[in-house]
Amino acid sequence: MGDSFYEQLMEDSAFLRAERRLDTDLVDKLTLQLNRIYPQILTDKEASKFRNLDVPTSVRLGELLTHLQGKGEEACREFYRALHLHVEDVYYSLPTRLRLRDSLDPLKSPRVYKQRCVLNDRGPLFFLGCFSCAVGMALLYYHTEAKVTGGSKALGVAALGLKRKAQEVLIWYTEESLMK
């Protein structure tokens, strides 16, 4: 993980104090979890102090975090375990968890985010359909132009950039329309 649980709790304590999802019931659950399972971390007298409803929840939570930091690494680790158990969505939104999630794991291949340049979201078939329609309209235009003017020199010029078979067809069509 890199950081110790003590350092993580120091970094996350400001976030936890400001977090609105940690209401009175959740702070009580965390306190009871630490008291019942780990009485060496939180004694009955200390637990009753942190469960006092006369004190605002944010103050009680701040005192609990300060107390746990004073108890050391093991107490901080058990607090994170209780937080993960009871309030998973808050646990995963902690600043240290977000930083840990965003950092790359050296054992995994690095994430490559490919950014596509999308002009439209219709896909390649839409492009082919539009292109075919445009080519069809161009051929129709040149075909009608050949009937009116007696030949289309544009088809002969258009054949310059095409493959041999297409060149022969377009040149043949141009020459045939000129003979009529």
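Residues take their numbers from the sequence shown, with the count starting at 1. Not measured: the values here are computed from a predicted model.
Interatomic distance, OG of Ser58 versus CG of Asp23, reported as 12.5 Å (0.5 Å rounding). The structure places CG of Leu128 at 12.5 Å from SG of Cys133, a figure rounded to the nearest 0.5 Å. Between the CG atom of Leu68 and the CD atom of Glu46 there is a distance of 9.0 Å, given to the nearest 0.5 Å. If you take CZ on Arg17 and CD on Glu63, they are separated by 9.5 Å, rounding to the nearest 0.5 Å. Expressed to the nearest 0.5 Å, how far CD of Gln8 lies from OG of Ser13 amounts to 12.0 Å. Distance CD/Glu19 to CG/Leu94: 8.5 Å, rounded to 0.5 Å.
Annotation: side chain of Val59 is in contact with side chain of Pro56 (closest heavy-atom distance under 4.5 Å). The side-chain heavy atoms of Phe79 and Leu16, taken from C-beta on, include a pair separated by under 4.5 Å. Between Cys76 and Met10 the shortest side-chain heavy-atom distance does not fall below 4.5 Å. By the 4.5 Å heavy-atom criterion applied to side chains, Leu26 and Val90 are not counted as neighbours. Using a 4.5 Å heavy-atom cutoff, the side chains of Leu22 and Thr57 are not in contact.
Side-chain polar atoms of Tyr6 and Glu73 form no donor-acceptor pair below 3.5 angstrom. Defined by atom type and a distance below 3.5 Å, a donor-acceptor pair is present between the side-chain atoms of Ser93 and Arg21.
Looking at Arg77 and Glu74, a side-chain N of the basic residue comes within less than 4.0 Å of a carboxylate O on the acidic one, giving a salt bridge.
Among the candidates His84, Arg97, Arg81, the single residue satisfying the side chain to side chain donor-acceptor pair (under 3.5 Å) test with Tyr91 is Arg97.
A 6.0 Å sphere centred on CZ of Arg36 holds no more than 12 heavy atoms belonging to other residues, nucleotides or ligands.
The side chain to side chain donor-acceptor pair (under 3.5 Å) search around Ser48 returns none, not counting sequence neighbours. In this structure Asp54 satisfies the side chain to side chain donor-acceptor pair (under 3.5 Å) test with no other residue, sequence neighbours excluded.
Linking ILVMFWY residues whenever their side-chain heavy atoms come closer than 4.5 Å, directly or via other members, places Phe131 and Leu139 in the same cluster. Hydrophobic clustering, with ILVMFWY side chains joined whenever heavy atoms are under 4.5 angstrom apart, keeps Leu64 apart from Val55.
Taking the six-membered ring where the residue is Trp, Phe5 and Tyr80 present tilted rings, their angle falling between 30° and 60°.
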List, one per line, each side-chain donor-acceptor pair under 3.5 Å for residues 27-34, sequence neighbours excluded.
from  : atom 1 : to    : atom 2 : distance (Å)
Asp28 : OD1    : Arg60 : NH1    : 3.2
Thr31 : OG1    : Val27 : O      : 2.8
Gln33 : OE1    : His86 : NE2    : 3.1

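Looking at Asn35, its side chain does come within 3.5 Å of a backbone N or O of Leu42 through a donor-acceptor pair.
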